[in-house]
Structures are given as C-alpha cells and as structure tokens.
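Here the structure comes first, spelled out in structure tokens, and everything after it is commentary.
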Amino acid sequence: MSAPPRDEVLALVEARVANQNLRRHMLATEAIMRALAARLGEDQDLWGLAGLAHDLDCEETGEDFARQGIVAAEALRELGAPETVAHAVMAHNPATGVVAESPFDVALLATDQLSGLITAAALVRPDKDLSGVKVKSVRKRFRESAFARGVDRDAIVRCGELGLDVDDFMGLGLAAMQDIAPQLGL
Ligand SMILES: [Fe+2]
C-alpha cells in the first residue's frame with residue numbers, strides 16, 4: 001500500500017500543530033526516517049510519513065498522554081495511510097500500551113529521541129548552528145544523563161535492532177538533519 005501524498009500530510013500537520021518547534025521536530029524526524037529507510041532498503045515515503053506525522057495530535061491530546069499517537073494514527077488511517085504507519089505512530093509513545101516490535105516501529109521510537117538529542121546538542125552551542133555539530137559531540141551529550149533529560153537513551157540504543165551501532169545512527173541522523181537545517185531553524 002502506498003503512502004498518502006506528503007503535501008496532504010503536511011497540510012494536516014500545519015492544521016493541527018501550531019507550535020513551530022514541534023513542527024520542526026516532526027520535519028527532523030521525517031528526514032532521519034527517510035535516511036534510515038534508504039539505508040535499510042525500506043520504503044522511504046512510508047517511513048518519512050510516520051516521522052512527519054508522529055506528533056500531529058500532541059496539542060489536542062495534551063495532558064491525556066496515553067492518547068498521544070492513537071489520535072494521530074486515526075487521522076492517518078483517514079488519509080489512507082497503511083496500518084504499518086498507524087502502528088509505528090502509536091508505538092512511538094509507550095504510554096499508549098502499543099509495543100514497538102517491527103523494524104519500522106523501532107525506527108520511529110529511536111528516531112524521535114535522536115532528533116530531540118541532536119536538536120538539543122545544536123541549541124546548546126553559542127552559535128546554535130547545526131553545521132558545527134559533530135557525531136562526537138552528540139555522543140558526548142548522549143552520555144551526559146543530565147543533558148536533555150527528556151531524551152530516552154534506551155530508545156536510541158534500540159537502533160542496534162536495526163543493525164546500526166549508536167555512532168552510525170547518530171551520524172546518519174545528524175547528516176539528515178543538516179541537509180534540511182534551514183527548515184529546522186538551526
Ligand atoms: Fe516526537
């Protein structure tokens with residue numbers, strides 16, 4: 001089953017997500033998911049779509065955190081997205097009770113956290129410039145448990161289930177985000 005057109009999904013994101021930083025986080029996650037799919041020989045459009053849409057219900061679900069991902073998955077099904085996409089979006093939030101099992105699920109779970117870590121690593125620089133961030137610095141931030149505490153390191157480590165070591169995953173993610181740095185405001 002093919003993915004709904006990206007412009008339809010983007011329009012949905014823009015209609016339901018007002019916060020610019022959250023939109024940028026979704027674009028970053030999309031870029032990494034596409035790069036990961038390319039590396040693994042998976043469907044770049046489907047993986048990118050899940051990244052782009054994964055938090056589209058954050059603002060409306062708010063404190064009702066267990067529904068975050070469930071509402072987004074429903075919106076994606078209405079657009080005609082395959083169930084694999086809906087499942088990955090639900091499973092990226094462990095609070096839904098949907099378990100990340102497939103490589104697609106694990107990729108989104110790990111990428112969501114990696115995009116957050118890389119963004120935080122760029123923002124902590126005096127120039128806030130993503131082009132100056134190196135894998136080594138992302139790795140260093142990864143080891144500092146007090147840095148970006150909200151980032152789930154265990155989720156990032158699950159890249160191993162996809163056949164990538166952590167440095168490889170960080171390098172792939174960093175390059176993918178650097179490619180769209182202007183869109184990310186970094
Ligand atoms: Fe996210």
Side-chain angles (χ1 to χ4, degrees), residues 3 6 9-37 44 46-76 79 81 84-123 130 138 141-142 147-159 161-162 166 169-170 172-174 176-181 183-186:
R6 182 180 186 271
V9 178
L10 189 60
L12 192 67
V13 168
E14 287 172 352
R16 294 170 80 150
V17 178
N19 183 292
Q20 189 183 41
N21 288 336
L22 182 54
R23 285 188 190 179
R24 287 171 168 172
H25 160 68
M26 293 159 83
L27 289 169
T29 305
E30 176 192 29
I32 301 175
M33 284 294 284
R34 288 193 70 91
L36 203 45
Q44 293 183 56
L46 286 183
W47 283 39
L49 171 66
L52 177 62
H54 77 281
D55 280 338
L56 77 83
D57 58 358
C58 269
E59 292 179 358
E60 59 205 88
T61 53
E63 310 243 306
D64 193 2
F65 191 54
R67 289 180 66 236
Q68 201 263 298
I70 304 286
V71 175
E74 195 49 48
L76 286 165
L79 275 187
T84 51
V85 176
H87 193 276
V89 167
M90 292 187 293
H92 96 273
N93 176 14
T96 61
V98 178
V99 179
E101 289 167 329
S102 71
F104 191 178
D105 296 341
V106 171
L108 185 60
L109 185 79
T111 296
D112 183 24
Q113 300 302 316
L114 180 65
S115 68
L117 179 67
I118 292 173
T119 298
L123 291 177
L130 187 60
V138 179
R141 296 303 183 188
F142 176 85
F147 180 81
R149 282 182 189 279
V151 171
D152 179 356
R153 271 71 172 171
D154 291 341
I156 292 176
V157 168
R158 290 192 67 180
C159 67
E161 295 171 36
L162 307 172
V166 171
F169 185 39
M170 286 176 178
L172 177 145
L174 184 58
M177 284 179 61
Q178 285 171 337
D179 277 349
I180 61 158
Q183 291 180 61
L184 304 178
L186 293 171

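Read the numbers this way: they start at 1 and go in the same order the structure lists the ligands and their atoms. Numbers for residues simply follow the sequence, beginning at 1.
Within D112, the N, O or S atom lying nearest to the Fe ion (ligand 1) carries the name OD1. Take the N/O/S atoms of D55: the one nearest the Fe ion (ligand 1) is OD2.
Residues D55 and Q68 bring a donor and an acceptor atom of their side chains to less than 3.5 Å of each other. D105 and S102 share a donor-acceptor pair across their side chains, judged by distance under 3.5 Å alone.
Because the distance cut-off is set at 2.8 Å, H54 qualifies as a neighbour of the Fe ion (ligand 1) through one of its N, O or S atoms. The nearest N, O or S atom of H92 is not closer to the Fe ion (ligand 1) than 2.8 Å.
Here CZ of R34 is found 10.0 Å from CG of L49. Values are rounded to the nearest 0.5 Å.
Aromatic ring orientation, H25 versus H54: perpendicular (interplanar angle above 60°, classes split at 30° and 60°).
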